[in-house]
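Everything below concerns the one structure shown next.
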Amino acid sequence: MDFLLASLVDGLLIGSVYGLAAMGLTLIWGVMRVTNLAHGAFIALGMFGVYGLFNGGFNPYVGLFLVAGCGLLVGIGIYYVALHRVINAPQLSTLLATFAVNMIILGVGTTLFSTSPRTIDFSLGSFSLGPITVQNTRLLAALASGAITGVLYLFLYRTRPGKYIRAVSSNRAAAELMGISSTHILALSFGLGALLAATAGGLIATFFPFTILSGDTYQLKSFVIGVMGGLGNPFGALIGGLILGLLEGLIPVVMPTTWVPVIEFLLFVIILLVRPNGILGAKR
Amino acid sequence: MPILEVNDITSGYGDVQILWGAALKLEPGLMTCLVGANGVGKTTLLRTVMGQLRPWSGNVRFEGHDISRLPAYKRAERGLVLVPEGRQLFGDMSVLENLEMGATNRRGRPHLKRNLERVFAMFPRLQDRLTQKANTMSGGEQQMLAVGRGIMAEPTLLLIDELSLGLAPVLVLQLFKNLQQLKALGITIMLVEQNVQMSLAVSDYGYVLAQGRTELEGAAATLMRDDHVRAAYLGL
């Protein structure tokens, strides 16, 4: 019973970070109708960003701010270089463009960093609450994910550029007619998606070992979460992340860990069949 | 000087040519209507004027400047504003947010408050529904919001595509009255309509578009008496 409770708490903490990663994917899909196959690469870059800064003497949480900023700029740059000219082409074109970006980042990354696992040698200790022991890095990651979700919400609903993003997402042609440059807004959205991915990667790196290829796992999780929460719905993504985290915490209690992805993707298929718009049912 | 000149525009989609030499001259301060049957190119003409489509040949001049190459989003800033067919609201945003989005360009922003009051005076029903999502409102209310959003942009020329489509006649009459108020404020208006009789009745000047060409033009009252117009469009 105690073991169950511990797995549950741990699952929720990690799940919120998965939610953060998925939010980036789902934001890009919702606004741009682009399936970003470079999402995992952005996550891995976030991991290596925090890792590099840590080895350069930065506290990982300070490094995270720098990584977030770079994620935004890199995302905007990639939009203009790789996506802008195919943004109105059929979806296969943008899919392939992001796939190409993914291959470039992973190729360069493998050359530079090899694929041997890294860890950030950093610990904040842990605390015990009755039978449960919580690692502080995981708690902090969950709190950060919650805070970033809140900030994203405020940004989208209370600020001018945030409202532009929602307007472009809702009706790109009408937004143009009102005088909103959809190109700038699409670039900003892609940048924000990259920022969220890199930040999630950076947080994961504070408690899990990783390689340049680790992002793929989290990209797949992001797809499952996005579909659960309804693609295009950032807040559904957090809920979806928590659900996935819970599953990952609880499944190993009753069956071998290797079954986790089997159950996850089975769930993915079932949701696609039963509720193709997500459990939370964003209507599109 | 005409506020909008459309000079022998040809345009279309892909290989399909829709416009075969459309020409217009809108005088400032007037309400002009562009009428014609379904499928003759009215919306294509508007899309070309707004920069959503590039003209194949010919040009569009607004307030004396050639704007044929200006991107769509920069036209609202100049005071050239379209209320598009089918309303094209931001469906999952609130009524207030839709109105705010109308005032995003540099031109409308400083007048946000005044224009908001104008819109509420004209459509009190919108004021009661500020926080409601646009796509949950009735068709009439959505049309009011679409016109309201256009007003928020501080237009000098307001183009309105199919204002009357799908609305009850009593509501259409009310909306046409609202347009007269806008005209009194000095806003030039062009109505683009299938509803020939109603739009000629409220307009000062009219153009008839047929097979992608402007076929006829004249004072609205004259067009109403024109035998061809009466036979072809008014069923008289």
Side-chain angles (χ1 to χ4, degrees), chain A residues 26-27 29-33 79-80 84-85 87-90 93 152-189 229-237 277-278 280-284, chain B residues 43 46-47 49-53 70-94 96-109 112 115 131 133-136 142 145-146 148-155 157-161:
Chain A
T26 189
L27 181 78
W29 168 259
V31 179
M32 313 172 70
R33 290 288 177 271
Y79 172 81
Y80 283 112
H84 181 57
R85 63 201 80 208
I87 193 74
N88 291 320
S93 306
L152 180 68
Y153 178 86
L154 288 177
F155 177 74
L156 289 176
Y157 283 82
R158 295 273 182 273
T159 71
R160 189 178 281 280
K163 287 180 183 181
Y164 290 175
I165 289 180
R166 287 166 55 222
V168 169
S169 165
S170 174
N171 191 327
R172 197 186 297 173
E176 286 263 328
L177 284 175
M178 296 300 115
I180 299 171
S181 161
S182 64
T183 303
H184 294 162
I185 294 301
L186 293 177
L188 176 63
S189 306
L231 277 168
N233 178 353
F235 313 107
N277 289 326
L280 297 181
K283 41 186 184 316
R284 276 189 197 280
Chain B
T43 296
L46 281 182
R47 288 173 59 87
V49 168
M50 291 311 296
Q52 294 173 317
L53 265 183
L70 201 66
Y73 77 94
K74 286 193 173 156
R75 300 189 187 204
E77 214 161 78
R78 299 219 178 173
L80 176 59
V81 175
L82 171 68
V83 177
E85 183 182 5
R87 294 139 205 160
Q88 306 295 329
L89 296 171
F90 305 115
D92 39 20
M93 296 175 82
S94 72
L96 182 61
E97 283 175 329
N98 266 277
L99 292 172
E100 281 174 4
M101 288 301 104
T104 50
N105 61 76
R106 228 174 296 159
R107 185 187 174 81
R109 227 180 287 173
L112 191 134
N115 285 334
T131 56
K133 277 188 180 181
N135 60 8
T136 62
Q142 289 194 17
L145 182 54
R149 189 179 62 177
I151 296 170
M152 294 301 293
E154 185 77 11
L157 171 58
L158 190 62
L159 310 171
I160 305 180
D161 198 2

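By convention in this document, chain letters (A, B, ...) are assigned in the order of the sequence lines, proteins followed by strands, and residues within each chain are numbered from 1.
Each side chain to side chain donor-acceptor pair (under 3.5 Å) pair with one or both residues in residues 79-90 of chain B, not counting sequence neighbours, appears once here: A/Asn171-B/Gln88, B/Thr43-B/Glu85, B/Arg87-B/Gln143.
Taking chain A as the reference chain and counting heavy-atom pairs below 4.5 Å, the highest number among B/Glu100, B/Met50, B/Glu97, B/Glu77 is found for B/Glu97. The greatest number of non-hydrogen atom pairs below 4.5 Å with chain A, out of B/Asn98, B/Val81, B/Asn105, is found for B/Asn105.
B/Arg78 does not touch chain A: none of its heavy atoms, backbone or side chain, sits under 4.5 Å away. Using a 4.5 Å cut-off between heavy atoms, B/Leu80 does not touch chain A at all. Using a 4.5 Å cut-off between heavy atoms, B/Ala153 makes no contact with chain A at all.
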Could you pull out all donor-acceptor pairs under 3.5 Å where a side-chain atom in residues 153-162 of chain A meets a protein atom, sequence neighbours excluded?
unit_1   : atom_1 : unit_2   : atom_2 : d
A/Thr159 : OG1    : A/Phe155 : O      : 2.7
A/Thr159 : OG1    : A/Gly162 : N      : 3.1
A/Arg160 : NH1    : A/Tyr164 : OH     : 3.2

Report the C-alpha distance between B/Leu158 and B/Val83 in whole Å, list the side-chain angles of each, state the deciding distance to 0.1 Å, and finish with yes or no for side-chain contact (heavy atoms from CB on, under 4.5 Å). CA-CA 7 Å; B/Leu158 190 62; B/Val83 177; 4.0 Å; yes

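Side-chain atoms of B/Thr104 never come within 3.5 Å of backbone atoms of A/Gly179 as a donor-acceptor pair (strictly under, hydrogens ignored).
When all heavy atoms are compared, the tightest approach of B/Met101 to A/Met178 is O-CB, 3.4 Å.
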